[in-house]
Undergrad: 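Just dropping this structure here.
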Amino acid sequence: MHDVKVHLEAVTGNIVEQNDIGAIVNAANAQLQPGGGVAGAVHRAAGPELERACRQFAPIKPGEAVITPAFDLPNDYVIHCLGPVYGHDHPEAKLLADCYRNAIIRAEEKKILSVAFPAISTGAFAYPLDEAAEIAVQTVKHQCAQTRHLTLVRFVLFSKSDREIYLRKLRKYDK
């Protein structure tokens with residue numbers, strides 16, 4: 001069990017510019033290939049070695065998480081999660097929670113101290129942000145109670161309004 005409290009924070013920014021974080025989370029596609037959104041940004045920033053490193057794990061299913069080195073990124077690792085497509089992959093809430101839970105498990109296995117998450121499934125996969133933020137914060141809070149190494153979880157949001165939603169959820173679960 002964890003004797004150090006894990007700090008949770010929400011910032012506006014770019015997931016590939018989290019220089020002080022041990023592992024960033026990639027909102028991946030099933031084939032773990034470069035694509036649009038977060039996956040495209042992560043692959044572009046990490047360089048072509050990332051795509052090669054991912055091949056051995058593909059395809060992954062919604063809710064699964066795998067870990068690779070971060071290559072040209074300023075982090076040590078990239079944790080790749082496949083979030084559910086809202087209205088298509090069921091049960092969406094469980095699969096989204098599995099992403100966050102499994103990402104933290106992968107981080108623990110590598111003794112990673114800090115992890116940065118994007119808002120998984122809220123872009124092209126159309127998960128409503130408020131609902132996704134609730135699941136993300138609740139799951140991370142619960143999972144962090146069972147970690148031994150993690151000291152910081154950062155949610156990196158695209159806009160100030162997205163960040164406000166996450167901050168509201170963080171305050172709710174801090175009580």
Side-chain angles (χ1 to χ4, degrees), residues 6-30 32-47 50 60 62-65 70 72-89 92-104 106-107 112-144 150-175:
V6 181
H7 178 71
L8 274 59
E9 62 185 23
V11 302
T12 306
N14 186 331
I15 195 78
V16 301
E17 294 173 358
Q18 305 306 305
N19 304 356
D20 58 333
I21 296 288
I24 62 166
V25 175
N26 176 20
N29 50 60
L32 303 175
Q33 293 292 302
V38 172
V42 168
H43 275 270
R44 281 191 300 278
L50 184 62
I60 63 171
E64 290 184 346
D72 292 343
L73 283 158
N75 320 93
D76 296 322
Y77 297 99
V78 177
I79 301 169
H80 309 266
C81 294
L82 178 58
V85 175
Y86 194 77
H88 180 269
D89 296 317
E92 291 109 331
K94 181 192 179 305
L95 293 171
L96 186 58
D98 287 348
C99 282
Y100 288 95
R101 188 176 306 106
N102 288 325
I104 290 172
R106 295 291 89 77
I112 296 167
L113 303 179
S114 54
V115 176
F117 284 98
I120 297 169
S121 285
T122 61
F125 289 3
Y127 214 109
L129 187 70
D130 193 75
E131 194 180 324
E134 179 83 17
I135 292 164
V137 171
Q138 187 177 17
T139 304
V140 166
K141 233 20 198 167
H142 181 263
Q143 195 64 36
C144 284
L150 206 54
T151 60
L152 171 65
V153 174
R154 178 179 296 159
F155 295 102
V156 181
L157 293 317
F158 186 72
S159 69
K160 284 189 167 69
S161 58
D162 292 0
R163 178 176 176 258
E164 284 305 315
I165 291 171
Y166 274 76
L167 287 173
R168 229 178 19 254
K169 304 299 179 186
L170 288 169
R171 283 192 295 270
K172 174 181 171 182
Y173 287 101
D174 261 352
K175 293 182 172 105

Undergrad: For C81 and A65, work out which heavy atoms get closest and say how close.
TA: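 Closest approach of C81 to A65: SG-CB, 3.7 Å.
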Undergrad: Measure the OH-CD1 distance between Y127 and I135 for me, rounded to the nearest 0.5 Å.
TA: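 Rounded to the nearest 0.5 Å, the OH-CD1 separation comes to 3.5 Å.
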Undergrad: Of all heavy-atom pairs between Y173 and K141, which one has the smallest distance, and what is that distance?
TA: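 Closest pair (atom of Y173, atom of K141, distance): O-CE, 3.3 Å.
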Undergrad: Find the distance between CD1 (I165) and CG (L170) and round it off to the nearest 0.5 Å.
TA: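 One gets 12.0 Å once the value is rounded to the nearest 0.5 Å.
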Undergrad: Between CG of D20 and CG of L113, what distance do you get to the nearest 0.5 Å?
TA: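 Atom-to-atom, D20:CG and L113:CG are 11.5 Å apart.
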Undergrad: Looking only at non-hydrogen atoms, find the nearest pair between H80 and A28 and report the distance.
TA: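 Result for this residue pair: CB-CB, 4.1 Å.
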Undergrad: Could you measure the distance from the CD atom of E64 to the CG atom of N102? Nearest 0.5 Å is fine.
TA: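 These two atoms lie 7.5 Å from each other.
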Undergrad: Could you report the tightest heavy-atom contact between P84 and E92, atom names first, then the distance?
TA: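 Closest approach of P84 to E92: CG-O, 3.6 Å.
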Undergrad: Starting at CD1 of I79, measure out to CZ of R106 and round the result to the nearest 0.5 Å.
TA: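 It comes to 8.5 Å.
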Undergrad: Hey, mind stepping through Y100 and V137 against side-chain contact (heavy atoms from CB on, under 4.5 Å) and telling me if it holds?
TA: CA-CA 9 Å; Y100 288 95; V137 171; over 6 Å; no
Undergrad: Taking side chain as C-beta onward, heavy atoms only, is D76 less than 4.5 Å from I112?
TA: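 No; the side chains remain at least 4.5 Å from each other.
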Undergrad: Counting C-beta onward and ignoring hydrogens, is there a side-chain heavy-atom pair between Y166 and V156 closer than 4.5 Å?
TA: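 Y166 vs V156: side chains apart.
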Undergrad: Using side-chain contact (heavy atoms from CB on, under 4.5 Å) as the criterion, list what pairs up with E17, not counting sequence neighbours.
TA: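 side-chain contact (heavy atoms from CB on, under 4.5 Å) list for E17, sorted by chain: N14.
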Undergrad: Examine distances only and state if a side-chain atom of T122 and a backbone atom of L129 form a donor-acceptor pair shorter than 3.5 Å.
TA: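 Not a single qualifying donor-acceptor pair exists.
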Undergrad: Given the rule in the side-chain contact (heavy atoms from CB on, under 4.5 Å) test, do Q143 and V6 qualify, once you have shown the distances and angles that lead to the verdict?
TA: CA-CA 10 Å; Q143 195 64 36; V6 181; over 6 Å; no
Undergrad: With salt bridge (Lys or Arg N to Asp or Glu O under 4.0 Å) as the rule and sequence neighbours excluded, what pairs involving residues 122-138 come up?
TA: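 Sorted pair list: D130-R168, D130-K169, E134-K169, E134-K172.
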Undergrad: Taking 4.0 angstrom as the limit, do R171 and D174 come out as a salt bridge?
TA: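 Salt bridge absent between R171 and D174.
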Undergrad: Partners of N29 by side-chain contact (heavy atoms from CB on, under 4.5 Å), sequence neighbours excluded?
TA: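 Expected list: Q31, Q33, A39.
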Undergrad: Do S159 and T12 make a side-chain contact, defined as non-hydrogen atoms from C-beta onward lying under 4.5 Å apart?
TA: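 They are not in side-chain contact.
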Undergrad: Let me confirm one number: the CG-CG distance from L8 to L167, rounded to the nearest 0.5 Å.
TA: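 CG of L167 is found 11.0 Å from CG of L8.
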Undergrad: Using side-chain heavy atoms (C-beta onward) and a distance below 4.5 Å, is V115 in contact with I104?
TA: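 They are not in side-chain contact.
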Undergrad: Evaluate the side-chain contact (heavy atoms from CB on, under 4.5 Å) criterion for residues F155 and F117: first the C-alpha distance (whole Å), next the side-chain angles of each, then the deciding distance (0.1 Å), finally the verdict.
TA: CA-CA 5 Å; F155 295 102; F117 284 98; 4.0 Å; yes
Undergrad: Name the one of N26, V38, V16, I24 that satisfies side chain to side chain contact (heavy atoms under 4.5 Å, CB included) with P118?
TA: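 Answer to the side chain to side chain contact (heavy atoms under 4.5 Å, CB included) test with P118 among N26, V38, V16, I24: V38.
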